[in-house]
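These notes concern the structure reproduced below.
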Number of protein chains: 2
Amino acid sequence: MAPMARAATTSDVFNAIAEPQRREILVLLRAGERPVTELAQELGMTQPGASKHLRVLREVGLVRDRKAGKQRLYGLDARGLRPVHEWAGGFERFWNESFDRLDAYVQDLKQARQEE
Amino acid sequence: MAPMARAATTSDVFNAIAEPQRREILVLLRAGERPVTELAQELGMTQPGASKHLRVLREVGLVRDRKAGKQRLYGLDARGLRPVHEWAGGFERFWNESFDRLDAYVQDLKQARQEE
DNA sequence: CCATCATATGCCGTTATGGGTATGCGTCAA
DNA sequence: TTGACGCATACCCATAACGGCATATGATGG
């Protein structure tokens, strides 16, 4: 059996946004389309670096590009973020509830200890 | 200059949930606390495999564990998912709008081409 | 066609990551 | 104490992922 390595997670939106700089790119693009160089400059990365991140974002469909003269403008296509939002939202009721219960559990422990 | 490699993304919630199996673990834990072996079994992975994923989840605070006799019960602490939900939610208005605009742009192009 | 700007790619080196197996460690029961 | 169980770790392998640099590719203006 060949040792299986990391599962290919690219082409998965969750993986695409796992990278901080890619998240920053998406945030910047909310303000409108931008050429690669401008993105690279604003985020303090090299042009090839920006292009690579943009490629990942494009492959998962979070970004679209179109030619504009010599430049290539990248724009946001946030539809792919909806599943992320919904997935996380599926835990909404646990944000408060489950932890109150944990606290309660801790309290129980303390009491039990005192009663020994 | 030492070539900088991948940025250390561990200890980051976004990275923790980038792994499909880890997301599955979180979903399972919504039904309540579970021992490691049970999780491993339900997800079809080895026990060490489950432990490793649980460790990552614990390190980013998405999961809590407590001893229960011989076992160790893992429970959900979904508070860390809130930032994810909110971050993705920050793009909510673009899910529809921005794409309508892209469509409009495409229409403009077609027209412009016909008018040439 | 030539020079130039704007991007994308290729390649290299380093590190992160995931899976597998073996094993250490703590706990409980007899 | 001994043996079995439950889980965490350590170690190894193979590969995916980032960053930097050099270079190919594309489009534009002369």
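Taking only side-chain nitrogens and oxygens, Y74(B) comes nearer than 4.0 Å to OP1 or OP2 of dA8(D). For R72(B), no side-chain nitrogen or oxygen approaches OP1 or OP2 of dT27(C) to under 4.0 Å. OP1 and OP2 of dT28(D) both lie 4.0 Å or more from every side-chain N or O belonging to Q71(A). Distances shorter than 4.0 Å separate some side-chain N or O of H53(A) from OP1 or OP2 on dG19(D). Contact annotation: N15(B) side-chain N/O to dT17(C) OP1/OP2 distance is under 4.0 Å.
Using a 4.0 Å heavy-atom distance criterion, T37(A) is classed as a sugar-phosphate-only contact. P35(B) comes within 4.0 angstrom of the backbone, heavy atoms only, and of no base.
Summarising the geometry, the separation between CG on L39(A) and P on dA8(C) is reported as 10 Å, rounded to the nearest angstrom. The interatomic distance linking I25(A) (CD1) with dC18(D) (P) rounds to 11 Å, in whole Å. Taking atom CD of E38(A) as the reference point, atom P of dT7(C) lies 9 Å away to the nearest angstrom. The distance from atom CD of E59(B) to atom C1' of dA16(C) is 13 Å, rounded to the nearest whole Å. dG19(D) atom C1' lies 13 Å from atom CZ of R22(A), rounded to whole Å. We find that CZ of F14(A) is positioned 19 Å from C1' of dT17(C), with the value rounded to whole Å. Remark: P of dA8(C) and CG of L54(A) are 7 Å apart, rounded to the nearest angstrom. Rounded to whole Å, the distance from CG on D65(B) to P on dT27(C) is 14 Å.
Ranking dT21(C), dT9(C), dG18(C) by closeness to the P48(B) side chain, first place goes to dT21(C). Each of dA8(C), dA8(D), dG18(C) was ranked by its minimum atom distance to the side chain of R58(A); first place goes to dA8(C). Between dG20(D), dG26(D), dG19(C), one nucleotide has an atom nearer to the side chain of K67(A) than all others, and that is dG26(D).
The residues D65(B) and R55(B) are annotated as not salt-bridged, no charged nitrogen and carboxylate oxygen being separated by less than 4.0 angstrom. Comment: R66(A) engages E33(A) in a salt bridge, judged by a side-chain N to carboxylate O separation of less than 4.0 angstrom.
Not a single donor-acceptor pair, N or O on each side, falls under 3.5 Å between the base of dA17(D) and the side chain of E19(A). The base of dA8(C) sits within donor-acceptor range of the side chain of Q47(A), with an N or O pair under 3.5 Å. Interface remark: the K70(A) side chain does not form any donor-acceptor pair with the dG26(D) base, using a distance-only criterion of under 3.5 Å.
A cation-pi arrangement, defined by a distance under 6.0 Å to the six-membered ring centre and an angle within 45 degrees of its axis, is absent between R30(B) and F94(A).
For the pair R22(A) (side chain) and A16(A) (backbone), a donor-acceptor distance under 3.5 Å is present.
H85(B) has its ring centre less than 6.0 Å from the ring centre of W95(A).
When each of K52(A) and R55(B) is assigned the nucleotide of DNA chain D bearing its nearest heavy atom, the one mapping closer to the 5' terminus is R55(B).
Remark: Q41(A) CD is loosely packed, at most 12 non-hydrogen atoms of other residues, nucleotides or ligands lying under 6.0 Å away.
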